[in-house]
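Worksheet for the structure shown next.
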Amino acid sequence: LSMVLNAVTPQIIKITVDSILGTEPAALPKALQGVLSLDILQSDPIRALWMAAGAVIVVALLRGLCSYGQRIHLSKGSERFVKGIRDDLYRHIQHLSYAWHTAHSTGEIIQRCTSDVDVIRNFVCNQLVEVVRTVFLIILYLSIMFSMNVKLSLVAVLFIPIVGLSSGVFYKKISSRFQVADEAEGELTTCAQENLTGVRVVRAFGRERYEVDRFNRRNQRFSQLWIRLGKLLSIYWASGTLLTCLQVMVIILVGTVETVHGNMTLGAFLAFITYNEALAWPVRSLGRVLSDMSKAGVSLDRVGYILQAQEEQDVPEAQEATTGDIEFDHVSFGYEGQPVLRDVSFTIPAGSTFAILGGTGSGKSTLVHLLDRLYDLPEGQGTITIGGVDIRKMNRESLRRQIGLVLQEPFLFSQTIRENISATKPQATEEELRRAAAIACVDEAITEFPDGYETVVGERGVTLSGGQKQRIAIVRALAMDPEVMLFDEPTSALDPELTGEILKVIKDLAQEHITMVIVTHEMNFARDISDRIIFMDKGVIAVEGTPSEVFSSSNARMKEFLGKFHQGEK
């Protein structure tokens, strides 16, 4: 409607110049013929001019109302559109595998979910709308222009494919350069994110100068790439301006000749120039839209890469997780073709405490990751069963609700202690949370805080000590009433006193008849708490047995392995 109304104003000018101020015969639009007579307007030019001015103002007001409605609906539509993309991205990322997350940096993922989504939103809700508007405008205005003068219209049309062709050439070059610049932005975001996350390490080792230099190098490259892109865009816009000026010059020359020879009235010529000028910017904007399309195309590919990544899938008719003995049967596994586990078999009786010892890279943590299905065991590489049922046939969510995982470096959200420990069971009552905290020997420490369970722990739990974070992580796992507790190096970062506290917590948990699997490299810790121990060495079980059997002075195989183990640790 706005564009149609915009096309009315030149017609008002044409009628005013030719038929009101001049003597050219002209017919008013049919809608006005019953209200106004051209003879009446010609008899009183002053009155006619006021009426023409009023008509222009009325048209402008109507255009303003149309523009207002357009902006309102475009704003609502664009925000709903981008909200839908962000919701889909976030939901999809939550269901992507742990392996996918380890293969992609956090900064890169954030950049794709923010900057790239904004580029897509800007294109779809602005540039794409502009394309539709421009195509409609070209069809409408050219139809009017051809009805006024065919020769001039052909001159105007001649320049449209030239502008489109030049835009296409620049489009290809801009697309590749923008992709490189976009990837550089992801590297810059990752650099900043890593620095902010590891700020304590930076301060502790005086790495400020190194980090500033590292950021400056990436920032310098990022800036240079955008300067190169800006130079290319400058050439494009300069050439577009030259083509537009040439077209206007030719239109004025040809139109002047046509007017002098009487093939066109002065009012029609002025209206034609107005239509041509109104077409100049939209036609040039097609090139701008094409350049923006290159950016949007790259961003669509980058966002699409995430959305096309395979989510974690359960087998059809996956069953609820069962309880019982945990059995690894001839399990082999590797990362990117590098074998980590080789034909590993052992059984963890339900309700027992099982320790997995071994040096760095022996495959200890991989066993825990496979049991929690953070990685899926490929077919033909053995089986892992709980209560005799292959975990690959179990519903992931059901399985993970039965397994409480405590990591070597527990992650706490920047929320209150209550929100952190109830994350695994939001509907948990106050009594259930306090009971879990008491088992983990941290309830008293929490209540000593000024705000108790409502204490905000800070980002990544920075306001808590290492032992407090570890125990709160244990409470979080306990709050879900798990059948199995997995501890991945629970004491590696703790001092002897805190290690003793965690040891007491695990011993108390043993009284709850929870199956516990503890991955550690500390032999004394494993000997004090476990019912059975296995020693991993280069992906195979080197020694297996009860603590008394494993650490027996007569166990020659153990002595041989311990000699290699200690030598490797040194």
Side-chain angles (χ1 to χ4, degrees), residues 1-7 60 62-90 110-142 160 163-164 166-179 181-183 185-186 189 225-226 229-230 232-241 243-244 277-307:
L1 284 174
S2 177
M3 286 184 287
V4 170
L5 288 168
N6 197 41
L62 291 174
R63 281 189 60 205
L65 289 174
C66 291
S67 297
Y68 172 78
Q70 176 195 3
R71 291 297 174 185
I72 289 293
H73 289 291
L74 189 59
S75 177
K76 290 180 179 178
S78 63
E79 289 308 318
R80 288 170 183 163
F81 173 78
V82 75
K83 178 182 180 297
I85 291 182
R86 287 177 181 143
D87 286 344
D88 287 345
L89 268 174
Y90 195 79
I110 292 174
Q111 197 258 346
R112 292 182 188 229
C113 293
T114 53
S115 177
D116 285 322
V117 168
D118 283 339
V119 170
I120 295 170
R121 188 268 294 272
N122 186 52
F123 174 74
V124 173
C125 300
N126 292 308
Q127 276 76 45
L128 193 58
V129 172
E130 187 70 19
V131 169
V132 176
R133 178 182 179 277
T134 300
V135 171
F136 180 80
L137 190 67
I138 290 173
I139 294 172
L140 175 65
Y141 280 19
L142 284 181
I160 293 178
V163 174
S166 64
S167 297
V169 172
F170 278 100
Y171 167 77
K172 291 184 178 180
K173 294 184 178 181
I174 290 170
S175 178
S176 59
R177 290 195 183 184
F178 180 79
Q179 182 170 1
D182 209 33
E183 291 172 353
E185 184 180 359
T189 304
L225 289 172
W226 274 102
L229 188 61
L232 190 61
L233 288 172
S234 299
I235 295 172
Y236 166 72
W237 286 113
S239 62
T241 301
L243 286 173
T244 302
E277 289 180 350
L279 271 180
W281 175 253
V283 170
R284 283 191 65 194
S285 72
L286 279 178
R288 176 175 58 86
V289 171
L290 285 175
S291 68
D292 288 335
M293 188 185 296
S294 67
K295 303 175 187 178
V298 172
S299 294
L300 276 169
D301 288 340
R302 286 166 58 81
V303 171
Y305 175 80
I306 295 178
L307 291 174

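If you read the sequence from its start, that first residue is 1, and numbering goes on from there. As the structure is a computational prediction, the values presented were derived from the model and not from experiment.
To the nearest 0.5 Å, atom CG of residue Leu307 and atom CZ of residue Arg302 are 13.0 Å apart. Note that CE of Met3 is 10.5 Å distant from SG of Cys66, once rounded to the nearest 0.5 Å. The distance from the OG atom of Ser2 to the CD atom of Gln70 is 6.5 Å, given to the nearest 0.5 Å. Between atom OG of residue Ser67 and atom CG of residue Leu1 there is a gap of 10.5 Å, rounded to the nearest 0.5 Å.
Using a 4.5 Å heavy-atom cutoff, the side chains of Phe136 and Val4 are in contact. Side-chain atoms of Asn126 and Leu74, non-hydrogen and from C-beta on, do get closer than 4.5 Å to each other. Side-chain atoms of Arg80 and Lys83, non-hydrogen and from C-beta on, never get closer than 4.5 Å to each other. Between Leu279 and Leu142 the shortest side-chain heavy-atom distance falls below 4.5 Å.
Formation of a donor-acceptor pair under 3.5 Å by the Ser75 side chain with backbone atoms of Arg71 is not found in this model. Judged purely by atom type and a 3.5 angstrom limit, Arg63 has no side-chain atom pairing as donor or acceptor with the backbone of Leu5.
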**Report entry** Worked check of side chain to side chain contact (heavy atoms under 4.5 Å, CB included) between Ile306 and Arg112
**Finding:** CA-CA 9 Å; Ile306 295 178; Arg112 292 182 188 229; 3.8 Å; yes
Report task. Report the C-alpha separation of Arg177 and Leu225 in whole Å, then their side-chain angles, then the decisive distance to 0.1 Å, and conclude whether the side chain to side chain contact (heavy atoms under 4.5 Å, CB included) test is met. Result -> CA-CA 8 Å; Arg177 290 195 183 184; Leu225 289 172; over 6 Å; no
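In this structure, the side-chain contact (heavy atoms from CB on, under 4.5 Å) partners of Thr114, at least two apart in sequence or on a different chain, are Ile110.
Heavy atoms only, all atoms of each residue included: Val303 and Asp116 are closest at CG2-CB, 3.8 Å. Scanning both residues, Ala296 and Ile120, for their nearest heavy atoms gives O-CG1, 4.4 Å.
Between Asp118 and Arg86 there is a salt bridge, since at least one side-chain N of the basic residue sits less than 4.0 Å from a carboxylate O of the acidic one.
For Phe81, the CZ atom is densely surrounded, since the number of other residues' heavy atoms within 6.0 Å is greater than 12.
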